[in-house]
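Written out below as structure tokens is the structure these notes cover.
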Protein chains: 2
Amino acid sequence: MQRRTQQREAIKKALGEAGRPLSPHEILEEARAHSPGMGIATVYRAVKQLVDADWLAPVEIPGEPPRYEVVRQDHHHHFYCRECGRVFAVQHCPGDFRRMTPRGFRLESHEVLLRGVCAECRKSTP
Amino acid sequence: MQRRTQQREAIKKALGEAGRPLSPHEILEEARAHSPGMGIATVYRAVKQLVDADWLAPVEIPGEPPRYEVVRQDHHHHFYCRECGRVFAVQHCPGDFRRMTPRGFRLESHEVLLRGVCAECRKSTP
DNA sequence: CGCTAAATGATAGCCTGCTATCAAACCCGT
DNA sequence: ACGGGTTTGATAGCAGGCTATCATTTAGCG
């Protein structure tokens, strides 16, 4: 059976507090604040379990390792900052993707990725 | 200076005739029809040159090797068939991404990826 | 407590996509 | 047709992200 370990708690805490999707390495860094000495293997193991348990959802970005965010009900998309590499959730999906789908194709889902510079990076590098 | 070789011509022909973005391995397969015995290294070399020359544009898909399509003027997006893995260009971008951008962020570009099953795969696997 | 199965950390290994290397083949101006 | 620099094909090597392995530590039931 599943045990409640210091490490897994630290990982869940890190993801919950971040408020944005984190990569495995970001998770490791944040979680080490609560549980020093944690190894990367533990992060990968915990992430796999949490995804299987529907507590985490992967956020895929081309050419980047996946980020993971705590699952939420609302439909939303993401913003990728090319300066710091951080990913943020954004609201307001402009639906209307049926019309884009070619005749005869079955549309099952869609992804929107915004790219640019986040507010924090705009300040530091104007 | 740049020579006009059978292989590079075959690669350009394959990409031009495909009418959709191709991965390096797809390019290799198609180009071998025109130039048997071609090696994968030649494909990677040609693709790099053609991208630099603005004749090809990469199409990035999370967790997949990039596809490459002949550059075109119109703004468009892509459809990924989960059955055959082929990528297709689609029209009708639902603009309106300013409204999605968080306050203070600078939006520079956006990507829309539709996922589902293409017409051909719908027929063969209903 | 004491025990046992679960979890951890370190690290070697795997996988995939891509690049470097180099001898052989080829393009093309002369 | 010649010759020299370009291109090619084969393959070894690299990089990054992830998984497997295994001795050690630990949670938590009894």
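Being a predicted model, the structure only gives us computed values, none of them experimental. What you see below is based on every heavy atom in this structure, not just the backbone, and it leaves out hydrogens, waters and symmetry mates.
Taking every heavy atom of both residues into account, B:Pro24 and B:Ile40 meet most closely at O-CD1, 4.1 Å.
Proximity of B:Ile61 to B:Leu113: side-chain heavy atoms (C-beta onward) are separated by under 4.5 Å at one or more points.
Taking atom CD of B:Gln7 as the reference point, atom P of C:dC27 lies 7 Å away to the nearest angstrom. Protein atom CD of A:Glu9 is 11 Å distant from nucleotide atom P of D:dA27, rounded to whole Å. Taking atom CZ of B:Arg4 as the reference point, atom P of D:dT7 lies 13 Å away to the nearest angstrom. Separating the CD atom of B:Gln6 from the C1' atom of D:dG9 is a distance of 13 Å, rounded to the nearest angstrom. Separating the CG atom of B:Leu28 from the P atom of C:dG17 is a distance of 13 Å, rounded to the nearest angstrom. One can place CD of A:Gln2 at 17 Å from C1' of D:dC29, the figure rounded to the nearest angstrom. Whole-Å rounding puts the A:Ile61 CD1 to D:dG17 C1' distance at 16 Å. Taking atom CE of residue B:Met38 and atom C1' of nucleotide D:dA10, one finds them 15 Å apart after rounding to whole Å.
Looking at the side chain of A:Arg8, the nearest of the listed nucleotides C:dT19, C:dA6, C:dA7 is C:dA7. The side chain of B:Ala41 sits closest to D:dA10 out of D:dA10, C:dT8, D:dG17. For A:Pro65, the side-chain atoms get nearest to D:dG17 when compared with the rest of C:dG17, D:dG17, C:dT19. Side-chain atoms of A:Ile40 lie closest to C:dT11 of the nucleotides D:dC18, C:dT11, D:dG9. In this structure, of D:dG9, C:dG9, D:dT7, it is C:dG9 that holds the atom nearest to the side chain of A:Arg45. Considering only side-chain atoms of B:Thr5, the nucleotide from C:dG17, D:dT7, D:dC18 that sits closest is D:dT7.
With 3.5 Å as the limit, one finds a donor-acceptor pair spanning the side chains of A:Glu69 and A:His78. There is a side-chain donor-acceptor pair under 3.5 Å between B:Gln49 and B:Arg8.
Counting distance only, with no hydrogens placed and no angle test, the side-chain atoms of A:Arg3 and the base atoms of C:dA6 include a donor-acceptor pair under 3.5 Å.
Side-chain N/O atoms of A:Lys48 include none lying less than 4.0 angstrom from OP1 or OP2 on D:dC18. Between B:Tyr44 and C:dC18 there is a side-chain N or O to OP1 or OP2 distance below 4.0 Å.
Salt-bridge check for B:Arg115 with A:Glu111: passed, with a basic side-chain N closer than 4.0 Å to an acidic carboxylate O.
Among the atoms of the strands shown, only primed sugar atoms or phosphate atoms (P, OP1, OP2) are found under 4.0 Å from some heavy atom of A:Pro66.
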